Amino acid sequence: MDISRRTLRTLGTAFAAAALLFSGCSSGPSSSAAAQPPPSVPAALKPYYEQDLRWRTCGGAGFECATLRAPLDYARPGRGRDLKLAVSRKKATGSAERLGSLLVNPGGPGGSAIGYLQSYAAIGYPQRVRDRYDMVAMDPRGVAGSEPVRCLSNRQMDTYTQTDQTPDAPAETSRLVAAYKKFARGCADRSGEILAHVSTVEAARDMDLLRAALGDRRLTYVGASYGTFLGATYADLFPSRVGRLVLDGALDPSLPSRRMNLDQTAGFETAFTAFAKDCVRRERCPLGTRSVADARDRLGAFFTRLDSHPVSTGGSRRLGEPLATTGVMAAMYDESSWPQLRTALRAALRGEGGGLLNLADLYYERDTDGSYANLMYANPAVNCLDLPAAFRTPAEVEKSLDAFEKASPAFGRALAWSALNCAYWPVPATGRPQVLDAKGAAPILVVGTTRDPATPYAWARSLARQLSSATLLTYEGDGHTAYGRGSRCIDDAINTYLVSGRPPAPQKRCR
């Protein structure tokens, strides 16, 4: 349901996250020498900065796991309870001089960094990067292996994801509001005190603890999507400790939530237009072959039919408008998902909704046994702390519907209503829109994709302007994020930066 607000990551990462290996950790600890904390660290935080990580083998293929201790509340370190944060690494494999640790985060908020590391980054990043760096990931607080936020039972989550998100009558609006309230109450009941301490600022401070525990003087980091906000926040907090930072698919931290939602809505429309242009040129396009406008109209008519007449999926759940919309939007993240979407739409138009349901389940990280990962719980938990709610009441949503539908005739109405969820959150926002700076930081590389649905290219330009040491690298293509997507130009520029520290020429563009 919550597709807007710093949406997640490429659909390819959704596939990768399903292969999470962290649960296979076994015993056999070994110690690592921790770095001395910088002089500016308060005395109450020194025990956290000076801790040793006790590594144990896990997950096979050379992976190790450890637990990092962090204060639940940085305003009261040592006086409240501590959090146990899950960390994994794979050591550098080459014989050349080791460059330190490379921390990775795939986005979300709520995506498992350890799942991303163990299923992709530590084996899929270029050899020349893996030869020089220990590949490292930490699940942020509230996510996956790091004291995950919980909100609903699996059966309740099934109901929640099928709630009508384009209400046409007061009774439907009331049901949507009730669903948001039930979700929020469930988070408060099941997650307790951690719910007030999963902000991006706190997660960035945890990253600095990890940097010190790994023995690194500076942090080297690759973050995608929301991971760019996490990395930029770190740079703003600790500019002198910035090493080589890649921020791929960048967010703009200066924007209020409503503007972010509206920009992202337009981004999904841009992605759908690219999909439709490709589709209508094909003989068997399920949305017709006349024009993009006709394809958009056919998709809208299809959603309207599903609103009152869901179709079979071959299982106990039926495909209605909410899950169909999620399935279509999930495929907008990555051009490589377009063939799967065409097949799923073709089948759904015949009354067979299993393909679109599968796309929606991948997005929601719902397993075949009906269980959900905590992605869709951590996502609003972080977002609703980081920024005040986009809308406070249904009336505010209704006043903005014209603007959202103008931004995206295909998805605007659903995305406007999805932005109401934080209005009922049980803890108040602690963050505000802000212009970051990171003055004095080493060179930072910001990457933007011109037809990115989830993090519009304008956001990358804005973030690069805010960070005084940043260089903007542009990918003129489709999809969410660029690194590892098959563009040799992008990959070479990022790999060279990570290994040599030299960013590409200012305003470099890759096709």
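Everything numeric here is computed off the predicted structure, so don't read it as measured data. Just the heavy atoms: all of them, side chains too, but no hydrogens, waters or symmetry mates, feed the values below.
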Query - Ring-ring centroid check Phe229 Tyr234, cutoff 6.0 Å - result: no
Is it true that a side-chain atom of [X] and a backbone atom of [Y] form a donor plus acceptor pair closer than 3.5 Å?
X: Thr67; Y: Leu85; value: no
X: Lys90; Y: Ala121; value: no
X: Ser257; Y: Ala389; value: no
X: Asp139; Y: Ser146; value: no
X: Ser153; Y: Gln156; value: yes
X: Thr200; Y: Leu230; value: no
X: Thr228; Y: Gly223; value: no
X: Arg244; Y: Leu102; value: no
X: Tyr221; Y: Gly227; value: yes
X: Arg259; Y: Ser254; value: no

Could you check whether any side-chain heavy atom of [X] comes within less than 4.5 Å of a side-chain heavy atom of [Y], counting everything from C-beta outward?
X: Arg150; Y: Asn374; result: yes
X: Tyr160; Y: Cys151; result: no
X: Arg509; Y: Thr450; result: yes
X: Ser101; Y: Asp134; result: yes
X: Tyr483; Y: Asp491; result: yes
X: Arg211; Y: Asp216; result: yes
X: Tyr372; Y: Asp158; result: yes
X: Arg205; Y: Pro71; result: no

Requested in this report: Going by the side-chain hydrogen bond (donor to acceptor under 3.5 Å, both in side chains) test, name the single residue among Thr474, Thr270, Thr449 that passes it with Tyr457.
Outcome: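 Testing each of Thr474, Thr270, Thr449 against Tyr457, the sole residue satisfying side-chain hydrogen bond (donor to acceptor under 3.5 Å, both in side chains) is Thr474.
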Quick check on [X]: does its [atom1] atom have over 12 non-hydrogen neighbours (other residues, nucleotides or ligands) under 6.0 Å away?
X: Gln127; atom1: CD; value: yes
X: Arg502; atom1: CZ; value: no
X: Arg81; atom1: CZ; value: yes
X: Arg432; atom1: CZ; value: yes

Query raised in the report: Does the side chain to side chain contact (heavy atoms under 4.5 Å, CB included) test come out yes or no for Leu83 and His197, once each step is laid out?
Result: CA-CA 10 Å; Leu83 297 179; His197 294 286; 5.7 Å; no
For [X] and [Y], does a side-chain donor sit closer than 3.5 Å to a side-chain acceptor?
X: Tyr48; Y: Asp208; value: no
X: Ser199; Y: Glu202; value: yes
X: Tyr226; Y: Asn105; value: no
X: Asp452; Y: Thr455; value: yes
X: Asn495; Y: Tyr125; value: no
X: Thr265; Y: Glu269; value: no
X: Gln466; Y: Asp236; value: no
X: Ser371; Y: Asn154; value: no

Distance check, rounded to the nearest 0.5 Å: [X] atom [atom1] versus [Y] atom [atom2]?
X: Ser487; Y: Tyr475; atom1: OG; atom2: OH; result: 5.5 Å
X: Ser418; Y: Tyr180; atom1: OG; atom2: OH; result: 5.5 Å
X: Asn379; Y: Cys384; atom1: CG; atom2: SG; result: 8.5 Å

Requested in this report: Decide yes or no on side chain to side chain contact (heavy atoms under 4.5 Å, CB included) for Met260 and Asp252, but give the supporting numbers first.
Outcome: CA-CA 8 Å; Met260 291 187 75; Asp252 183 353; over 6 Å; no
**Report entry** Nearest heavy-atom neighbours spanning Tyr377 and Pro380
**Finding:**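 Heavy atoms only, the tightest pair is O-CD, 3.4 Å.
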Query raised in the report: For the side chain to side chain contact (heavy atoms under 4.5 Å, CB included) test, which of Phe63, Tyr133, Trp55 pairs with Arg89?
Result: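 The residue from Phe63, Tyr133, Trp55 that satisfies side chain to side chain contact (heavy atoms under 4.5 Å, CB included) with Arg89 turns out to be Trp55.
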Query - Electrostatic pair Asp73-Arg79, nearest N-O below 4.0 angstrom - result: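 Salt bridge: no.
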